[in-house]
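I am attaching a structure below and will ask some questions about it afterwards.
Keep in mind that the numbers below use all heavy atoms, side chains included, and drop hydrogens, waters and symmetry copies. A, B, ... follow the sequence lines: proteins, then strands. Residue 1 opens every chain.
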There are 2 protein chains.
Amino acid sequence: MARQRRPTIKDVATAAGVAVSTVSNVLNDHPHVTDATRRKVLDAVEKLGYQASRAAKSLPGGRTHLIAYCLPGDEEPNPALDVFLHRIVATAAASSLEMLLFVQQGHDSVEPYRDLLRRGGADGFVLSGIEYDDERVAFLQDRDIPFVCFGRVGDPGVTAVDVDGAAGIAAAVEHVAGVGRTRFAFIGWPDGSATGDDRLRGYLDGVERSRAASVAVKQVRNDYDRGRKLVADLMEDSRPDAIVCVSDVLALGVMDGLRALDLRPGADVAVTGFDDVPASSLTSPGLTTLRQPMDRIGSLLVERLVSQLGRTAPSPSGPVLIEPDLIIRQSTRNPMLADT
Amino acid sequence: MARQRRPTIKDVATAAGVAVSTVSNVLNDHPHVTDATRRKVLDAVEKLGYQASRAAKSLPGGRTHLIAYCLPGDEEPNPALDVFLHRIVATAAASSLEMLLFVQQGHDSVEPYRDLLRRGGADGFVLSGIEYDDERVAFLQDRDIPFVCFGRVGDPGVTAVDVDGAAGIAAAVEHVAGVGRTRFAFIGWPDGSATGDDRLRGYLDGVERSRAASVAVKQVRNDYDRGRKLVADLMEDSRPDAIVCVSDVLALGVMDGLRALDLRPGADVAVTGFDDVPASSLTSPGLTTLRQPMDRIGSLLVERLVSQLGRTAPSPSGPVLIEPDLIIRQSTRNPMLADT
DNA sequence: TCGACGCCTTGGAACGTTTCAAGAAACATT
DNA sequence: AATGTTTCTTGAAACGTTCCAAGGCGTCGA
């Protein structure tokens, strides 16, 4: 029952009748290895069920072959996390990197990183949920540790990928204007969040570009009920025929609020959201929204991190903006066309 | 700009004026260390910002101090993943374990595990999405590698935690019967999934216990549209006044289907789901459903895995069933009471 | 005063890899 | 045939810990 000792590279070498270094060469695809030798070694590996020890592997070079991601606190559910992580891990695997997950335990955003480094670290980090003057960025820069950000960072020397929320919202506004809406309202988050500010900018741009009118801008916490309750006042004060929301959660609340006033979302008032949470397609009318291509973002982030790890040059990075996909559903259908 | 060499235990020893082994003793809380020595060493650690190398640490003992979890393929979105992972990582951290994430790349469910082991392995695994005769279970048992399962496993020697779907659904049925419904229908998944079969069993139990009638059982793929389209026939053929669904996705589809027939979910026909996906609270009427306590499940799994790792006895494990929480919303309100 | 026994500290081997300089073998060129 | 060159293989050091046996130095008892 006792688990027997794992075979080491030495056992493989003995079994294959070659030197330890030769086995290492084969396993790491070094040049100058005969096919015959390679075969002998691989056969032995197969036969013994050899598994390299990660520890021994990283010891000489000081590289852990690990990248790390800190799970955001769970106050806000994040349904897109699975796709994001999946893509990150898959992309990392292509470069023989594995992914370590850690969490923020206390309130200090830097502490988990400090802690992980103390425990043995990782070769690089993927950061998300970046805010203005994010402390983690300075911390990692100080220590000269490679990292990439999902979110906007002021410093152009930092590798960052972000969703072009402004462009997305602007596109949504133009689409809604295109189906005949003219009186727009925006429901956003309070000032001070990088993402929220960006999306508000996009709304204003979009309204201007489509020569429509913005009759109201509200800023509230990201909460279904806030959205729902806000609608009554909004309709009474400003009578918009299109409500553009900074998030799906708010938009879904707004739709519910409209129904409570006996207004039909889509038919009477157009509504848009942002994120394409699952609920947006599991409701009727379906919510027109913007989907962040988390898969593309994930691979892009890791690819850039990997190129930073192959520490040759300081790697010319700079921020990349990715346009979200506009998902058109019935909440912005053309009211002039027949009902479905 | 070049990152400077990290201080090693040797540097600490020199700085503190003691031997390397003494530093190790202090850091690992060995007995027989003077307070004076301990202080000297800790001061040096502090001053140098010493961080132990994970690799060097695991080398002698052969333990990686890592547990691993394989992300399920992303064909089915999994909104609860964030809570689950968060809890797993946090619980593992309490035992100085870190968590490695990997993914299933191809169609073979065992291959990713084999691959991870080859790459350096982990001390233990957390498995989810267990099916009947899961290949991974046999694979890991063969190799005598510690693991725990989220899901039901036939072999009672395997440590497993699962949600008692049957009890959950039965509770939902009884609750619905309690508000005056008598003609039940069940919408489940096709036979052959451990989870689906379990929930169907619970439905039948619940109906029997509440002396209600089951007028129909349908089995379809887990798909919003399936649920929606199925309703017309179901209402025509069997006229249920309560529809119990195996999942929220189907239940949301059913609610939409009812509306299309000008029936009001909650008022005319009660509807229940399973999972408490975010959409269930972001719709109106809110969907009565069962929530899997992912946080409790996560910690339980890891605690048991940890106790297996402290390899003393074969650790008497056995399966644990956790009852899901019944979340009551307006989709099962009492039709006799006044509308809200 | 001497010896035995504790407690604390220490040197050094071991862990399983990578890496690099150097050796051996095969081949090409004269 | 001798020399140079290239291709393939090897031995051994190094990586940063832990762990164990042994050493030093007090203290206590006789």
Grab the NZ-C1' distance between A/Lys10 and C/dT17 for me, whole Å please. 12 Å
Without decimals, in angstroms, what is the distance between A/Arg39 CZ and D/dC8 P? 16 Å
Heavy atoms from C-beta onward define the side chain here; which of C/dT17, C/dT18, D/dT17 lies closest to that of B/Tyr50? D/dT17
Side-chain atoms of B/Ser21 come closest, of D/dG11, C/dT10, D/dA14, to C/dT10
When you measure from the side chain of A/His32, which nucleotide among D/dT7, D/dT18, C/dG16 comes out closest? D/dT7
Which label fits B/Phe150 and B/Phe84: parallel for a plane angle under 30°, tilted from 30 to 60°, or perpendicular past 60°? tilted
Of the candidate nucleotides D/dG16, C/dT18, D/dC19, which contains the atom at the shortest distance from the side chain of B/His30? D/dC19
For atom CZ of B/Arg54 and atom P of D/dT18, their distance in whole Å: 14 Å
May I have the distance from A/Asp29 (atom CG) to C/dT19 (atom C1'), rounded to whole angstrom? 16 Å
Sugar-phosphate, base or nothing in reach of A/Ser24, heavy atoms under 4.0 Å: base
Of all the nucleotides listed (D/dC8, C/dT9, C/dT19), which has the minimum atom distance to the side chain of A/Thr37? D/dC8
Considering only heavy side-chain atoms of B/Ile9, the closest of D/dT18, D/dT9, D/dG11 is D/dT18
Please classify the nucleic acid contact of B/Ala52 as base, sugar-phosphate, or nothing, using heavy-atom distances under 4.0 Å. sugar-phosphate
Specify whether A/Tyr113 and A/Phe125 have parallel, tilted or perpendicular ring planes, treating 30° as the upper limit for parallel and 60° as the lower limit for perpendicular. tilted
Rounded to the nearest 0.5 angstrom, the OG1-CG distance for B/Thr91 and B/Leu301 is 9.0 Å
From CZ of A/Arg63 over to P of C/dT18, roughly how many Å is that when rounded to an integer? 14 Å
Reckon A/Asn25 has a side-chain N or O less than 4.0 Å from the OP1 or OP2 of D/dC8? no
Mind calculating the distance between CG (A/Leu48) and C1' (C/dG16) to the nearest angstrom? 15 Å
B/Leu27 or A/Pro31, whichever maps to the more 5' nucleotide of DNA chain D: A/Pro31
Looking at A/Arg38 and A/Asp35, does any basic side-chain N land under 4.0 Å from a carboxylate oxygen? yes
OP1, OP2 of C/dT10 versus side-chain N and O of B/Thr22: anything below 4.0 Å? yes
Candidate nucleotides C/dG16, D/dG11, C/dT10, ranked by approach to the side chain of B/Val18 - the nearest: C/dT10
Atom pair CD/CG of A/Glu98 and B/Leu116 - distance to nearest 0.5 Å: 5.5 Å
Which nucleotide sits closest to the side chain of A/Val33: C/dT19, C/dT9, D/dT9? D/dT9
Can you work out whether B/Val20 or B/Leu59 has the more 5'-proximal nearest nucleotide on DNA chain C? B/Val20
